[in-house]
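The structure appears below as structure tokens.
We name chains A, B, ... by the order of the sequence lines, and we start the count at 1 in each one. Worth knowing before you read on, the calculation uses all heavy atoms, side chains too, and leaves out hydrogens, waters and symmetry mates.
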Amino acid sequence: MLSAAARCAATQRPRPREARVPGSRMYQVLENRVRETLERFLRERYGVSVHVAISRPPKTELGEMATPVCFELARLLRRPPRPLAEEMASLLPSIPGIERWTVAGGGYLNAYLDRAAFFREAALAETAAPSPAPDAPKIIVEHTNINPNKAAHIGHLRNAVLGDTFVRLLRHTGHRVEVQNYIDNTGVQVADVVVGFLHLEKKPVEDVRQLATQPKFDFYCWDLYARVTQFFEEDPARIELRNQALKAIEEGHGTEAELAELIATTIVRCHLRTMERLGVEYDLLPRESEILRLKFWDAAFALLKQRGAVVYATSGKNAGCWVMPLGDADEPTAAPEAKILVRSNGTVTYVGKDIAYQLWKFGLLDRDFAYRRFHTHPSGHTVWVTASEAGEPDAPCFGRADQVFNVIDSRQSYLQNIVVAGLRALGYSEQADRSVHFAYEMVALSPRCAEELGYPLSEEERRRAYVEVSGRRGTGVKADDLLDRLEARARAEVDARHPDDPAEERATRAHAIAVSALRYYLLKYTRNTVVAFDFKDALSFEGETGPYCQYAVVRARNIFRKWAMQQMETSEAADGSLEISLTPEQAARFLAPPEGNEFWELVLLAGSLDAAVHAAVTAQEPAFVAKYAFQLAQAFNNFYHRHHILTEADATRQAFLLMLTSLVMQQLEVALALLGIEAPEKM
RNA sequence: GCGCCCGUAGCUCAGUUGGAUAGAGCGUCUGGCUACGAACCAGAAGGCCGGGGGUUCGAGUCCCUCCGGGCGCGCCA
């Protein structure tokens with residue numbers, strides 16, 4: 001049997017492979033095929049090497065793919081674009097899936113797809129994600145990272161939902177992903193709550209231990225943390241209590257350390273429970289306490305000194321500190337900037353520890369954690385936690401990634417840049433290039449929402465688009481409170497529609513609806529948009545929302561349920577075989593223009609999920625998939641109103657409509673699953 | 001002062017590496033439930049894409065500049 005280290009070493013690969021698209025034969029695959037063919041053709045016939053951009057024409061009458069490449073070609077070859085396009089259209093080799101080429105406008109080259117073939121292949125396409133090889137390059141996604149000293153709020157939810165959705169997208173496209181949720185269990189924020197229990201509430205450890213068994217310990221600490229902030233403000237000398245606590249916690253001794261461990265671990269469990277409500281799961285919880293105990297920083301520090309990436313400042317404002325010089329070395333006139341990694345009192349800054357952690361993620365630090373089982377998610381998946389000793393022998397191999405995504409809000413981009421600069425200064429430029437700050441803007445409150453919550457606003461704040469929240473002041477919307485409100489609202493809607501269904505089922509559906517409303521709300525904004533949280537928008541189930549998308553799936557399912565019942569009653573066979581039969585020629589007839597354009601547009605959209613996913617992964621923008629899901633749901637709802645399937649007299653036409661519905665339903669279910677949304681059977 | 005981000009319909013936001021007539025939701029107004037569930041659909045009104053220059057066949061998108069707003073820039077995390 002191999003040792004853990006040897007097993008890990010065996011899975012190391014020098015380079016990651018290109019991102020793959022799952023085994024669908026849909027739009028994205030066709031587009032790639034067309035691009036490659038055109039680029040090869042241009043090279044061979046005209047001797048030019050250009051990137052061929054492919055877009056969608058404004059109307060289906062103009063085809064499904066268009067390229068303006070002839071405009072660029074015109075300049076290179078000094079020939080007018082339109083005749084060039086005509087020449088290309090007549091000379092291009094045939095491409096499977098493409099029926100014909102035309103020239104449009106001043107020189108657009110447009111492709112028309114083989115509609116029936118596309119429909120057939122989309123309907124047959126594999127929707128399950130391919131599972132990556134166990135030795136495939138690994139991507140680490142770090143997200144959530146909530147300080148374990150208070151309840152999670154909506155800002156944390158945006159982080160977790162973005163991270164979790166990106167993980168789903170990566171796994172769907174065949175990547176091996178490890179999800180880490182970093183726990184800063186020895187930091188200032190935990191120390192503050194320790195001070196609160198010891199010096200403000202003057203509670204003995206046993207009392208806190210008792211409190212920690214209560215269900216909403218994280219809510220209790222939320223309030224206590226705000227009170228501690230005030231406690232410090234009343235008498236600044238009390239900051240010394242924090243410093244004492246921090247020191248004891250870092251060194252791991254005394255009542256403070258015992259309390260810190262109790263508080264942090266209890267609250268981490270609260271956070272896991274909150275995130276589980278949203279379907280978010282993790283692989284590993286790396287903790288700062290182990291980074292300290294196992295002296296990761298010492299190892300990183302040795303490397304930094306050895307490579308000359310840090311220097312000891314003997315004079316100036318940083319005298320006595322170890323600093324990392326920043327700025328352009330080729331620009332000697334630039335002001336010498338430096339980031340302090342080791343303070344003059346010998347303690348390490350946050351950035352320093354983060355550099356060590358980032359090095360470990362890439363397997364560049366000559367040490368590793370021990371690991372223990374911490375928790376089992378409802379799916380059965382195990383969450384591991386780091387340990388400094390006595391790890392469990394069957395722990396998986398963590399770390400050693402080929403690429404790392406850190407999901408952290410954009411206010412921390414300066415520090416993230418320093419971490420990357422650290423890697424670069426050590427000579428790990430490839431790993432620096434593969435360190436991605438997956439940044440997103442904060443969640444603030446709309447002024448109306450802040451006032452609803454009872455926070456006093458100044459005249460100036462009232463006029464703003466949004467106001468920031470502060471965990472330190474105890475302002476903000478707690479994740480569990482919001483989820484409770486969403487579930488109650490969804491439950492009221494479900495109860496009104498299905499009063500006779502079992503209560504347990506109604507609760508399950510209300511939960512699914514609440515989750516979809518929340519996740520969609522947090523995902524529909526692109527990452528660099530500040531979300532001005534508002535209850536009216538977040539609690540809405542109409543328009544561009546998660547429940548709207550779910551509703552389209554529920555409608556499709558209802559059709560199939562009722563159709564199956566009809567078949568059972570009327571069919572002489574009644575053997576349970578509910579095959580829909582349709583020949584390719586029949587499908588082609590229903591899809592043919594102009595009457596078939598309406599159906600074809602729906603087929604094309606349903607078959608474009610892979611393109612939406614590809615774009616989302618490439619741009620690192622989960623919102624693209626949210627937009628896609630909504631568009632598909634919208635297109636289906638329109639179709640649903642125009643064509644009544646169950647009363648369709650023409651059996652062939654009904655078969656076609658059913659197949660189309662099936663295709664849309666399947667694609668929409670996959671799209672929603674990627675967003676972490678499940679459609680209930682009824683709603 | 002320096003760095004990053006934003007400015008698109010009344011409001012909230014989309015707009016792939018520059019491509020054809022700038023889109024959606026909400027709100028407003030109008031119409032549609034004895035048809036697969038109206039958490040829905042259809043229609044209308046609503047835009048000098050912050051201003052001004054530039055790059056080119058073509059700019060909401062790229063460059064410069066100005067205006068307005070946000071967030072960072074600590075021997076905190």
Rounded to whole Å, CG of A:L523 lies from P of B:A14 at a distance of 13 Å
Quiz item: Rounded to the Å, how far apart are A:K339 NZ and B:C75 P?
Solution: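 Answer to the nearest Å: 6 Å.
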At 4.0 Å (heavy atoms only), tell me whether [X] reaches a base, stays on the sugar-phosphate, or touches nothing.
{"X": "A:A53", "value": "base"}
{"X": "A:F630", "value": "sugar-phosphate"}
{"X": "A:V530", "value": "sugar-phosphate"}
{"X": "A:R75", "value": "base"}
{"X": "A:Q550", "value": "nothing"}
{"X": "A:R497", "value": "base"}
{"X": "A:M683", "value": "base"}
{"X": "A:Y414", "value": "sugar-phosphate"}
{"X": "A:N110", "value": "base"}
{"X": "A:Q634", "value": "sugar-phosphate"}
{"X": "A:A319", "value": "base"}
{"X": "A:K317", "value": "base"}
{"X": "A:A66", "value": "base"}
{"X": "A:A104", "value": "base"}

Evaluate whether the aromatic ring of A:H644 and the six-membered ring of the B:C36 base sit under 5.5 Å apart, centre to centre, with an inclination under 30°.
->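 Stacking is present between B:C36 and A:H644, given that their ring centres fall under 5.5 Å apart and the planes under 30°.
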If the cut-off is 4.0 Å, is [X] near the phosphate of [N], judged by side-chain N/O to OP1 or OP2?
{"X": "A:Y350", "N": "B:A77", "value": "no"}
{"X": "A:R242", "N": "B:C76", "value": "no"}
{"X": "A:R489", "N": "B:A39", "value": "no"}

Closest to the [X] side chain, choosing from [options]:
{"X": "A:E288", "options": "B:U17, B:A42, B:A77", "value": "B:A77"}
{"X": "A:K59", "options": "B:U21, B:G37, B:G70", "value": "B:U21"}
{"X": "A:F624", "options": "B:G37, B:G15, B:C75", "value": "B:G15"}
{"X": "A:H498", "options": "B:C75, B:G37, B:C41", "value": "B:G37"}
{"X": "A:E493", "options": "B:C5, B:A39, B:G32", "value": "B:A39"}
{"X": "A:H641", "options": "B:C40, B:G74, B:A77", "value": "B:C40"}

- [ ] Using a strict cut-off of less than 4.0 Å between a Lys/Arg side-chain nitrogen and an Asp/Glu carboxylate oxygen, indicate whether A:D409 and A:R158 qualify as a salt bridge.
- [x] no
_A:K682/A:E505 ion pair, N-O < 4.0 Å_ =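 No, this pair does not count.
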Nearest-nucleotide check on RNA chain B, A:T529 vs A:H643; residue mapping nearer the 5' end is A:T529
Looking only at atom types and distance, does a side-chain atom of A:T661 sit under 3.5 Å from a main-chain N or O of A:L657, one as donor and one as acceptor? yes
Who does [N] pair with, Watson-Crick or G-U, both distances under 3.5 Å?
{"N": "B:C2", "result": "B:G72"}
{"N": "B:U34", "result": "none"}
{"N": "B:U55", "result": "none"}

Would you kindly check whether a donor in the side chain of [X] faces an acceptor in the base of [N], or vice versa, at under 3.5 angstrom?
{"X": "A:N637", "N": "B:A38", "value": "no"}
{"X": "A:K627", "N": "B:U16", "value": "no"}
{"X": "A:S410", "N": "B:C5", "value": "no"}

